[in-house]
Protein chains: 2
Amino acid sequence: MVHTPSLQHRLPNEGAHIHAPWRSETAKQAIAQSEALCRAKGARLTPIRRRVLEVLLASPKPLGAYDLVDRLGSQGRRMAPITVYRALDFLIEHGLAHRLASRNAYLASSDVSTGRQTTAFLICESCGEATEITSPAVADTVLKVLKEQGYQPRARALEITGRCAGCQDIH
Amino acid sequence: MVHTPSLQHRLPNEGAHIHAPWRSETAKQAIAQSEALCRAKGARLTPIRRRVLEVLLASPKPLGAYDLVDRLGSQGRRMAPITVYRALDFLIEHGLAHRLASRNAYLASSDVSTGRQTTAFLICESCGEATEITSPAVADTVLKVLKEQGYQPRARALEITGRCAGCQDIH
DNA sequence: CCCAAATATGTAGTGATATAACCTATACGA
DNA sequence: TCGTATAGGTTATATCACTACATATTTGGG
């Protein structure tokens, strides 16, 4: 059991936050935040990168790189895979998107302000939906374990697989 | 850098255990355990599956599927990738091996007796070595978060990235 | 403003990972 | 021992990701 009162008592549910970026108002807000963040950093959120981010934000589920190719190319000429990968690299590097290694899929960061802290993804093995959470309890525990083993932590994403509430009884 | 278990497994660390299956005695023991486990379950640890497991056990680092193809085929005819993948499927299904999604790599389960409990892997982003640990603290925290979000837990592997003690100062 | 350097994108090809489809061989129980 | 289930062989292909190099665009210094 991990005790981190200073972090936990401020938040309900031990501080796990969830977000719903694919709803259009929220997505607009996310784009605005991303633009602000890039401006502040001198990073260039070009039209291509912005479109990739928009498509990711518009999807409730993580998308594969070639899914993105398809969706981005629906209007006009098909985009080369490498172009999408480059845009994804940019977005990930600046904390605007994440890669789910266990699914070879990408999703928009739902809360840009958290930056590159340790976040966790709950991934439903049935429907594939992913919920991004920032849980101090998880972060603290992970940090502690890393420290114990002499590892220098690198803020990365934790992928936790389960079966979401809507998929409990299926199959 | 390889750490000797005798130095680490008694750290005051909330009970996180590490293992060193690639040392031959330990590997032999692991094979014996695996055989016993398969017999008990009526699962067939065939020669191919056993060889794949042995190669995994003999490696201090996770191996890619095609690494396995190379190592297994060094004597005699090259094994088809699908054959290795099928063996890996078997081993993973029975808790004898794990897949590290973040690296597209596979490693032997270092403690067969823990079965399919929640285990965690500390993966060094520099040298690629992976340390399997079973940490009650991590398991509890993850379970709690899953429960909060209405997820039904599925015992899976957690991949935690960092930089191991031996790679702190490099690059 | 113009040019040079840095950054971003286009284009073609390839490497790396994983599986499909179909068939044959072997093991196991009735 | 025969039939079924499981394992493995063979060929081809799907899927994911990147290399190498050319071109275009942006940006800052003169």
Side-chain angles (χ1 to χ4, degrees), chain A residues 34-35 38-53 55-56 59 61-73 75-94 96-107 123 125 128 159, chain B residues 34-35 38-56 61-73 75-94 96-107 123 125 128 159:
Chain A
S34 303
E35 274 175 343
C38 286
R39 248 196 316 277
K41 288 207 271 182
R44 288 150 66 180
L45 187 61
T46 62
I48 285 180
R49 292 164 175 174
R50 191 191 156 115
R51 276 186 68 206
V52 171
L53 180 58
V55 172
L56 287 178
S59 169
K61 298 186 184 182
L63 296 176
Y66 283 74
D67 290 339
L68 281 164
V69 170
D70 292 340
R71 300 195 185 199
L72 290 162
Q75 51 204 19
R77 203 160 66 275
R78 189 180 181 79
M79 199 170 273
I82 186 67
T83 302
V84 170
Y85 280 107
R86 288 197 278 228
L88 286 170
D89 284 347
F90 172 88
L91 296 174
I92 292 167
E93 188 176 337
H94 292 87
L96 306 178
H98 296 281
R99 170 180 150 82
L100 293 187
S102 61
R103 298 218 149 223
N104 295 321
Y106 304 84
L107 41 55
I123 306 165
E125 66 179 9
E159 301 177 27
Chain B
S34 303
E35 273 174 343
C38 285
R39 249 195 315 277
K41 289 207 271 182
R44 289 150 65 180
L45 188 61
T46 62
I48 285 179
R49 291 165 177 173
R50 191 192 155 114
R51 277 188 67 207
V52 171
L53 180 58
E54 283 168 356
V55 172
L56 287 178
K61 297 188 185 183
L63 296 176
Y66 284 75
D67 290 339
L68 282 163
V69 169
D70 292 341
R71 302 196 183 198
L72 290 162
Q75 51 203 19
R77 203 161 64 275
R78 189 180 180 78
M79 199 169 276
I82 185 71
T83 302
V84 171
Y85 279 107
R86 287 196 277 228
L88 286 170
D89 284 346
F90 172 89
L91 296 174
I92 291 167
E93 188 177 336
H94 292 88
L96 306 178
H98 295 280
R99 171 181 149 81
L100 293 186
S102 62
R103 297 218 149 223
N104 294 322
Y106 304 83
L107 40 58
I123 306 166
E125 65 178 10
E159 301 176 28

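In this text the structure is predicted, and so the values were computed from the model without any measurement. Note on naming: letters A, B, ... go to the chains in the order of the sequence lines (proteins, then strands), and numbering restarts at 1 for each one.
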Notebook entry, point to check: Could you state the CE-P distance from B:M79 to C:dT19, rounded to the nearest angstrom?
Noted result: 18 Å
Check: Whole Å only: how far is the OH atom of B:Y66 from the C1' atom of C:dT14?
Finding: 14 Å
Check: For B:R86 and B:N104, take the nucleotide of DNA chain D holding the closest heavy atom to each; which residue's nucleotide lies nearer the 5' end?
Finding: B:R86
Note to self: Between the opening five pairs and the closing five pairs of the helix from C:dC1-D:dG30 to C:dA30-D:dT1, how far apart are the helix axes, to 10°?
What the structure shows: 30°
Margin query: Is there a side-chain contact between B:L88 and B:R99 in this structure, where contact means two heavy atoms from C-beta onward sitting under 4.5 Å apart?
Written below: no
Item checked: Any side-chain heavy-atom pair of A:R86 and A:I82 under 4.5 Å -> yes
Notebook entry, point to check: What is the nucleic acid contact for A:F90, judged by heavy atoms within less than 4.0 Å: base, sugar-phosphate only, or nothing?
Noted result: nothing
Check: Taking atom C1' of C:dA27 as reference, at what distance in whole Å does atom CG of B:L45 sit?
Finding: 15 Å
Next item on the list: Indicate, with a heavy-atom threshold strictly under 4.0 Å, whether A:R103 touches base, sugar-phosphate, or nothing.
Entry: nothing
Item checked: Check: C:dG10 base within 3.5 Å donor-acceptor of A:R77 side chain -> no
Next item on the list: May I have the distance from B:L100 (atom CG) to C:dA16 (atom C1'), rounded to whole angstrom?
Entry: 17 Å
Next item on the list: For residues B:V69 and B:P81, report the shortest heavy-atom separation together with the two atoms involved.
Entry: CG2-CA, 3.9 Å
Item checked: Interatomic distance where CD1 belongs to A:I82 and P belongs to C:dT11 [whole Å] -> 14 Å
Note to self: Just so I know, are the side chains of A:L45 and A:L91 near enough to count as touching, which here means a heavy-atom distance under 4.5 Å?
What the structure shows: yes
Note to self: Students often get this wrong, so: under 4.0 angstrom with heavy atoms, is B:R78 touching a base, only sugar-phosphate, or nothing?
What the structure shows: nothing
Margin query: Are A:R103 and A:E159 packed together at the side-chain level, in the sense that at least one heavy-atom pair is separated by less than 4.5 angstrom?
Written below: no
Next item on the list: For B:R39 and C:dC28, give me the distance from atom CZ to atom C1', rounded to whole Å.
Entry: 17 Å
Next item on the list: Heavy atoms only: give me the nearest B:Y106-B:G64 pair and the separation to one decimal.
Entry: CD1-C, 4.4 Å
Notebook entry, point to check: Which is true for A:R44 with a 4.0 Å heavy-atom rule: it touches a base, it touches only sugar-phosphate, or it touches nothing?
Noted result: sugar-phosphate
Item checked: Integer-rounded Å distance: C:dT7 P and A:H94 NE2 -> 11 Å
Notebook entry, point to check: Do A:S59 and A:R71 have side-chain heavy atoms sitting under 4.5 Å apart?
Noted result: yes
Check: With sequence neighbours left out, what residues match A:F90 under ring-ring contact (aromatic ring centres under 6.0 Å, His included)?
Finding: A:H94
Item checked: Cationic N near anionic O, under 4.0 Å, B:E54 to B:R50 -> yes
Notebook entry, point to check: How would you label the contact of B:R49 with the nucleic acid (heavy atoms, under 4.0 Å): base, sugar-phosphate, or nothing?
Noted result: sugar-phosphate
Check: Are side-chain heavy atoms of B:V55 and B:D67 found at a separation under 4.5 Å?
Finding: no
Note to self: Reading DNA chain D in the 5' to 3' direction, which nucleotide is the first one with an atom under 4.0 Å from a heavy atom of chain A, and which is the last?
What the structure shows: D:dC16 to D:dT26
Check: CG of A:L88 versus C1' of C:dA8: gap in Å, rounded?
Finding: 15 Å
Next item on the list: Name the residue closer to the 5' end of DNA chain D, choosing between B:I48 and A:Y85 according to the nucleotide with the nearest heavy atom.
Entry: B:I48
